[in-house]
Amino acid sequence: MEEIRKILLEEKEKIGQEFKSRQINQFNVERDVGDEVDNSVVEQERELNLLLQDREKQHLEAIEEALQRIETGEYGFCDECGDQIDQKRLMVMPLAQLCITCQQNEERLGNISSFSRLPQQSSAMRDD
Ligand SMILES: [Zn+2]
């Protein structure tokens with residue numbers, strides 16, 4: 001469980017940093033743009049940024065929630081059937097909230113949350 005906690009904390013930090021650097025970029029873009037650039041392009045970029053920020057924020061919140069669940073001992077149980085989720089599954093997908101059986105059921109129903117669908121890059125695989 002400690003390993004999963006580490007994965008989540010690393011993930012959280014990573015997103016936090018990306019979030020910050022994007023905000024700085026956005027700030028620079030806005031300052032450099034001036035009046036010559038087509039406003040609609042800027043507007044589109046801004047919307048894209050907001051969209052990304054929204055996703056990141058949701059991701060971040062999901063991580064926070066998982067960390068909190070670890071603290072309270074509620075982490076790692078399937079939301080659907082209450083079974084314990086396989087540890088290996090959690091190592092690859094620390095934000096998984098369903099056991100593999102329920103996940104497959106949900107997928108069949110086309111009713112799966114976007115997070116479980118994100119390709120999870122396990123930071124545990126990196127050797128830095
Ligand atoms: Zn289940």
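Order of listing sets the numbers, starting from 1, for every ligand and every atom in it. None of the values given here were measured: they were computed from a predicted structure.
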### Task
Check Gln68, Glu10, Glu11 against Ile63 for a side-chain contact (heavy atoms from CB on, under 4.5 Å) and give me the one that passes.
Glu11

### Message
Are more than 12 heavy atoms, taken from residues, nucleotides or ligands other than Glu3, located less than 6.0 Å from that residue's CD atom?
### Response
no

### Summary
Taken in chain and number order and not counting sequence neighbours, the residues that satisfy side-chain hydrogen bond (donor to acceptor under 3.5 Å, both in side chains) with Gln87 are none

### Query
Quick one: does Tyr75's side chain have a donor or acceptor within less than 3.5 Å of a partner on Pro94's backbone?
yes

### Message
Within the structure provided, determine whether Val42 and Arg46 are in side-chain contact (heavy-atom separation under 4.5 Å).
### Response
yes

#### Entry: Side-chain touch Gln103/Arg108, heavy atoms, less than 4.5 angstrom
no

### Message
At less than 2.8 Å, how many protein N/O/S atoms surround the Zn ion (ligand 1)? Leave waters out.
### Response
4

